[in-house]
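Some notes on the structure that comes next.
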Amino acid sequence: MLSAGLKLEGVTIRQDGTTLVSISDHIEPGEVLTVMGPSGSGKSTLLSYVIGTLNGDFDASGRVILNGRDITGMAPEQRRVGILFQDELLFPHLSVGQNLAFGLRASVQGRAERTAQIEAALDDIGLGGFAARDPETLSGGQKARVALMRMLLSGPEALLLDEPFSRLDMERRDQVRSLVFAQARSKGLPVLLVTHDQADAAAAGGRVYRLGV
Amino acid sequence: MTSECESRSKRARLLPWAPLLTLAIMVGPVVAGVLGTLAPAFGYLPALGGNSINLNAFTMLFDWPGVTRASVLSVTTGIAATGLSLLLVSLICAAWSGSKAFGVIERALSPLLSVPHAAAAFGLAFLIAPSGWIARAVSPWLTGWDRPPDVLILQDPYGASLVAGLVIKEVPFLLLMTLAALSQIPTAQARQTAMALGYSHVSGWFKTVFPLVYTQIRLPVYAVLAFSMTVIDVALILGPTTPPTLAVQILRWMNDPDLGMRFVASAAAVWQLALVIGALLVWRLGEYAVARIGRWWVMSGARGGATGPIKVVSLTAAALSASAIVFGLLGLLVWSFAGFWSFPDALPQAFSTRTWMRHTMALWPTITETLIIASVATLVALLFTLACLEAEERHGLKPSTRALWLLYVPLIVPQIAFLSGLQTLAIFTGIDGNRTAVIAVHIIFVLPYVFLSLADPFRAWDARYGLVARALGASCDGVLWRVRLPMLLRPILTAAAVGFAVSIGQFLPTLLAGAGRVQTLTTEAVALASGGDRRVISVYALTQTAVAFLPFALALLVPAVVWRNRKGLKHA
């Protein structure tokens, strides 16, 4: 593919006349670009811009191209960009299975087929038989895996990670981190990782982009 | 988060207009009503032959011998009820906030709030009347009375029992508002800092927390003042009679068969409005004075010491206020089942279901009417509130502090001042006297309460859930219906219960917009007051209370059942 991957073309975000972020980059499929910077440096603002939920207080220019599609002006739900936050944000009113069903693409049709795919997905992350569980009863690591799977089932073409591992303890952090990167690599997803943790950047193994204050 | 939501559908294009429309619904009738009161007050009402501007109505008003007394009563009872309620609420918070007892007080709030004013007033009346439970409890062994003493306790000429009836209902309301304000202020820090500097619990609270809290509850306090000065149902039950308070007298003039008295009624309503504005100004001056004294007190560095007595006094007063409602309702219950009951027996000689049986048939249509009116008014108010809050979210239409004032307009402008004008307008356009008119007027008062109840939880919802849902492919509407509203089920139902209770409690709006032809539990119960049949009054007042309480019970029960396996929503 000519322009596979996530391309940021002259993306500049300003607030009250001050430039917060200015970046041009091309993240190849399966590649991880790590953006580092102290808090308040506009890391999360950049993610908001890419998924399309940037607040009106900001003034942004540039283009975002995903696998050759210009998604700059699109509504968030049409961009096919998945995001993971530091909190898992599993919907508390839905069961684990319903959370995954919320993510699963609508193109997968038929009750039986959807249930089967959700069961298989739970098996994939070592949570077989957890479909009816209340998400609040899961451990931190289990929640993180459900959140990752929920996003993958929506069939994203790129992955944004907003300090997604910082809430987990050391041991879980390594497990979840390698699971996320392995999934992204096997599915050929470009990954934009925002973090202030040097270990995250090292584990990602890709290029590092530093934002100043 | 103001993420762009496509406005292609017609409904979505209407959404940005929701806040403006909502304000129009609440403020429009108030403005129209005040104008409709002003015109006849100054002699202009062509339908009744008033074509010239003059002051005749005011001359007649001030020639009425009771005018001074009625006006003074309105001001004194209003200021006394508000001052006492605020004092009690502040003392409770100062002495008990952060303690276990405070948790108990918080939990007792919702049920107490849901008791309609009229029912609470009847309950209190049956407690403190010369032949009431309190007198029976201490007779004859203590008092020597073997018949009810001939003293004027109920409807005393100074309005003391009226003030008591207002205080027991306004304390829970102001306490709720204060708790909401406290949750937005780092009070624990302030209190600990003050205590570390050697201040007592109570004086530390008054010096550090109270000034912050008061600025936040100022509007509710003003609403309480305006309401207490102009209340009608409670005044009909507990207030003085010759003369009554000004608001009650205005209602008498409005119901006078001689339509010419409408001019005097309008003039009196304008006078009542002036009194309320005057009292609010005096209250505002009082705020400055208290602030001055407070600054001097802070500068003095006095640490205060009398925490113990204040704790005892405030808790006793709060318990007394709450038990006046609880025992009042209990008294109603006993009366409604009472057979023969002679003084000074503490309990009836026999119990029977006769009163209930005899009135069940008549009760049903009234219950149905009450429920229909409350349901429709609440539903409409809820829809407008949700539309406003969602418009705020999607289009960044956040109301300023100034706009918040507008929310309080229907609560601060006295009902009698603009409803009488609205009725005058309605009569001559022929749209009064039916259920729709009553519902429309109820919405004016239900909307602010539903909005105030729902706004904070709606805004406090973690917007990242919406972000995640959209990244997973959900539209703005999808986020609202599939994620946000289900997660907010509990606060939505609570707001609905509040709206329901407000609608059920409305007396004057129902009476005036319904032109006496639409009967709800409240209008029926209050109409029975003059008859004095305690058994029948009890049946109606209890039914009114039950109907108002039921939605609160549902608001607790439904989420507990629907989300029984969802720990993450336990405290939502």
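Below, chain A is the first sequence line, B the second, and so on; all start at residue 1.
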Residues 114-127 of chain A vs side chain to side chain donor-acceptor pair (under 3.5 Å), sequence neighbours excluded, gives E113(A)-Q117(A)
Hits for salt bridge (Lys or Arg N to Asp or Glu O under 4.0 Å) against E9(A), two or more places apart or cross-chain, chain-then-number order -> R63(A)
Residue set satisfying salt bridge (Lys or Arg N to Asp or Glu O under 4.0 Å) with K7(A), at least two apart, ordered chain then number -> none
Relative to chain B, which segment of [X] carries a heavy atom at a distance below 4.5 Å: side chain, backbone, both, or neither?
X       : answer
L89(A)  : both
E88(A)  : neither
S95(A)  : both
R80(A)  : neither
L153(A) : neither

In this structure, CD of Q86(A) is separated from CZ of R464(B) (nearest 0.5 Å) by 7.0 Å
Under a 4.5 Å heavy-atom criterion, the part of residues 102-112 of chain A in contact with chain B comprises F102(A), G103(A)
- [ ] Determine the interplanar angle of the H93(A) and W563(B) rings, folded into 0 to 90°, and report it as parallel if under 30°, tilted if 30 to 60°, perpendicular if over 60°.
- [x] perpendicular
Using the rule given for side chain to side chain contact (heavy atoms under 4.5 Å, CB included), can you reason through I51(A) versus L467(B), listing the C-alpha separation, both sets of side-chain angles and the distance that settles it, and then say yes or no?
CA-CA 9 Å; I51(A) 60 167; L467(B) 268 175; 3.6 Å; yes
Using every non-hydrogen atom in the two residues, find where [X] and [Y] come nearest and quote the distance to one decimal.
X       : Y       : result
E77(A)  : C476(B) : OE2-N, 4.2 Å
V81(A)  : A471(B) : O-CB, 3.6 Å
L472(B) : M151(A) : CD2-CA, 3.7 Å

message = Are P92(A) and K567(B) packed together at the side-chain level, in the sense that at least one heavy-atom pair is separated by less than 4.5 angstrom?
response = no
